[in-house]
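First up is the structure itself, then whatever we jot down about it.
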Number of protein chains: 2
Amino acid sequence: MAATILLVEDEAGIQELVKFNLTQAGHAVLCADSAEQALAIVRDVLPDLVLLDWMLPGMSGIELARLFRADARLKSVPIIMLTARGDERDKVLGLETGADDYITKPFSPRELSARIKAVLRRRAPQMTEDKVEVRGLSLDPVSHRVTGNGTPLELGPTEFRLLHFMMTHPERVYSRAQLLDQVWGDHVFVEERTVDVHIRRLRLALEVTQHDNLIDTVRGAGYRLSSQI
Amino acid sequence: MAATILLVEDEAGIQELVKFNLTQAGHAVLCADSAEQALAIVRDVLPDLVLLDWMLPGMSGIELARLFRADARLKSVPIIMLTARGDERDKVLGLETGADDYITKPFSPRELSARIKAVLRRRAPQMTEDKVEVRGLSLDPVSHRVTGNGTPLELGPTEFRLLHFMMTHPERVYSRAQLLDQVWGDHVFVEERTVDVHIRRLRLALEVTQHDNLIDTVRGAGYRLSSQI
DNA sequence: TGCGTTTGTCACGAATTTGTCACATCTTCG
DNA sequence: CGAAGATGTGACAAATTCGTGACAAACGCA
């Protein structure tokens, strides 16, 4: 799982700390103090993953992420953003911009490592006809059946699609707007809070087999299906 | 086991030979000299199976196969590739064309017939004449009889075909549109809700032996024959 | 041709799903 | 603590989907 990671962080202390941890974990680390410097590095080396501080002097992290997403060569490089605590508006904005995950400072090396591992492991899973299974909860798109530890579970059409999407994209936070796009369809006129209601209905349906705790609420960001415990 | 087969082969001699054999076996044969002609034919008639020469003038067989696989209406039509030599067979296998089987020229009528039967059995079981049985409900395509736990059941022609298709594809949800294509046939102009009516008539007929609960309604998706309890 | 059967459509009501709101609860932070 | 913001929850009406009975056209057969 050794990867080349680009770290963009202006605070020297944090940069050193993170670099040390990542190097210990066997990754090759490239450091940049600013967005501009990151762009220069990226011209020569294509990283496997980008750790990006959202607050940077000069060009902000958001703008840099936008540039990355617009570039064909960098489009598919996962981005994890580093945010200050409670910076909730930025969380949503970041996810919308195309960040794959976020992590709030201060964070433990353990947490950072886990996130990186998760993001790297998840390439671009599609919603296929394949059966999906997460911690005893299984969903079969072909027969349209959902079972928790073998027990059949009843859920409505929307809840089914929602669960299918989340199970094929685990360990990733999706904002309400993103879920509306992916599950309801693009350009639909629906209140964002409607997602909450369907998440609740989904949890209610999964409660039968205690699988409702698979769905995490990520305050300020959205929802996530966690395959871990 | 009479099927409509599209044969795409540019060598006139082989085309005649194969056509003769297939016709003898009771199949209806459509012939095309080129991929382009095949596309024209397919616009009007949906074949049950395609026999496709690998090497064709103009668009190659592989390209044609890819086109078929990309088309929603043709996606599920089985394809058997005809190759000249064994090593070509390997090449074709290497390219992911989505062909269901391969047969190397020259081949005996016996071998061709066997391959066709095998592919149809796998991809379109309702074309075969095998007796089907699900949870005490049995259907015999040959004698055209249906019995529930031994008791003879009466159903109309359409209900019979519908039940046959569903029993040969259990644990799979089909939308009304898919059922119309598969049971009524391609290019038919029938209201989707008509399927509901026939499902009801089928359920009514199966009610005699309590087998009506085999057919599940999957709200927002379609219908499913459940082999489970 | 006449009669019984099959088939496709429709209209209506029942059942379910869906989106929204109001209010409760919880978290964060001054 | 208390305000502000975010999420959970129960209720509800509109919308959608499905089941069902009726009916006329099409069909098959003697």
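Just so we're on the same page: letters track the sequence lines, and every chain starts at 1. What you see below is based on every heavy atom in this structure, not just the backbone, and it leaves out hydrogens, waters and symmetry mates.
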Next item on the list: Let me know the distance between CZ of F189(B) and C1' of dG8(C), rounded to the nearest Å.
Entry: 11 Å

Margin query: Would Y174(A) and R224(A) count as a side chain to side chain contact (heavy atoms under 4.5 Å, CB included) here? Give the steps.
Written below: CA-CA 6 Å; Y174(A) 287 95; R224(A) 168 180 52 203; over 6 Å; no

Check: If each of V190(B) and W184(A) is mapped to the nucleotide of DNA chain C with the nearest heavy atom, which maps nearer the 5' terminus, i.e. the 5' end?
Finding: V190(B)

Note to self: Quick one, V132(A) with H164(A), criterion side chain to side chain contact (heavy atoms under 4.5 Å, CB included). Give me CA distance, side-chain angles, the key distance, then yes/no.
What the structure shows: CA-CA 8 Å; V132(A) 208; H164(A) 189 196; 4.1 Å; yes

Next item on the list: Remember a base hit wins even if backbone is also touched, and classify E192(B) as base, sugar-phosphate or nothing at under 4.0 Å, heavy atoms.
Entry: nothing

Margin query: Between E9(A) and K19(A), does the salt bridge (Lys or Arg N to Asp or Glu O under 4.0 Å) criterion hold? Intermediate values first, please.
Written below: CA-CA 10 Å; E9(A) 168 63 65; K19(A) 179 178 180 178; over 6 Å; no

Item checked: Q178(B) side chain to S175(B) backbone, donor-acceptor under 3.5 Å -> yes

Next item on the list: Could you check which residues of residues 137-147 of chain A get a heavy atom under 4.0 Å from DNA chain C? Sort them by number, please.
Entry: none

Item checked: Minimum heavy-atom distance C31(A)-Q37(A), with the two atoms named -> O-NE2, 3.8 Å

Next item on the list: Check the side chains of S226(B) and R172(B) for a donor-acceptor pair under 3.5 angstrom, ignoring hydrogens and angles.
Entry: no

Notebook entry, point to check: dG19(C) P sits how many Å from H198(A) NE2, rounded?
Noted result: 4 Å

Item checked: Any residue meeting side chain to side chain donor-acceptor pair (under 3.5 Å) with D140(A), in chain and number order, not counting sequence neighbours -> S143(A)

Next item on the list: Return no unless some side-chain N or O of T158(A) is found under 4.0 Å from OP1 or OP2 of dT18(C).
Entry: yes

Next item on the list: For E154(A), report the nucleic acid contact type (base, sugar-phosphate, nothing); a contact means any heavy atom under 4.0 Å.
Entry: nothing

Notebook entry, point to check: Can any side-chain N or O of H27(B) pair as donor or acceptor with the backbone N or O of A3(B) at less than 3.5 Å?
Noted result: yes

Next item on the list: Whole angstrom is fine here: how far is it from CZ in F160(A) over to C1' in dT16(C)?
Entry: 17 Å

Next item on the list: Specify the separation, in whole Å, of atom CG of L179(A) and atom P of dG19(C).
Entry: 13 Å

Checklist line | Flag, side chain of E129(A) to backbone of P141(A), donor-acceptor distance under 3.5 Å | finding: no

Note to self: Distance check needed: dT16(C) C1' versus L155(A) CG, whole Å only.
What the structure shows: 14 Å

Checklist line | Annotated protein contacts, base or backbone, on nucleotides 18-30 of chain D with a non-hydrogen cut-off under 4.0 Å, one of B, S, - each | finding: BBBS---------

Check: Which one of D53(A), D10(A), D33(A) satisfies the side-chain hydrogen bond (donor to acceptor under 3.5 Å, both in side chains) criterion with Q15(A)?
Finding: D33(A)

Item checked: Interatomic distance where CD1 belongs to I215(A) and P belongs to dG8(D) [whole Å] -> 10 Å

Item checked: Which residues share a side chain to side chain donor-acceptor pair (under 3.5 Å) with T151(A), sequence neighbours left out -> none

Note to self: If you only use heavy atoms from C-beta on, which nucleotide in dT6(C), dG8(C), dG19(C) is closest to the side chain of P157(B)?
What the structure shows: dT6(C)

Checklist line | Criterion salt bridge (Lys or Arg N to Asp or Glu O under 4.0 Å) on R203(A) and D216(A), from CA distance to verdict | finding: CA-CA 10 Å; R203(A) 280 172 170 156; D216(A) 294 346; over 6 Å; no

Next item on the list: State, to the nearest 10°, the angle formed by the axis through the first five base pairs of the helix from dT1(C)-dA30(D) to dG30(C)-dC1(D) and the axis through its last five.
Entry: 30°

Next item on the list: Assign the ring pair F160(B) / H144(B) to parallel, tilted or perpendicular, where the plane angle (0 to 90°) is split at 30° and 60°.
Entry: parallel

Notebook entry, point to check: Which residues within residues 205-213 of chain B lie with some heavy atom under 4.0 Å of an atom in DNA chain C?
Noted result: none

Margin query: Using every non-hydrogen atom in the two residues, find where T147(B) and P152(B) come nearest and quote the distance to one decimal.
Written below: CG2-CA, 4.0 Å

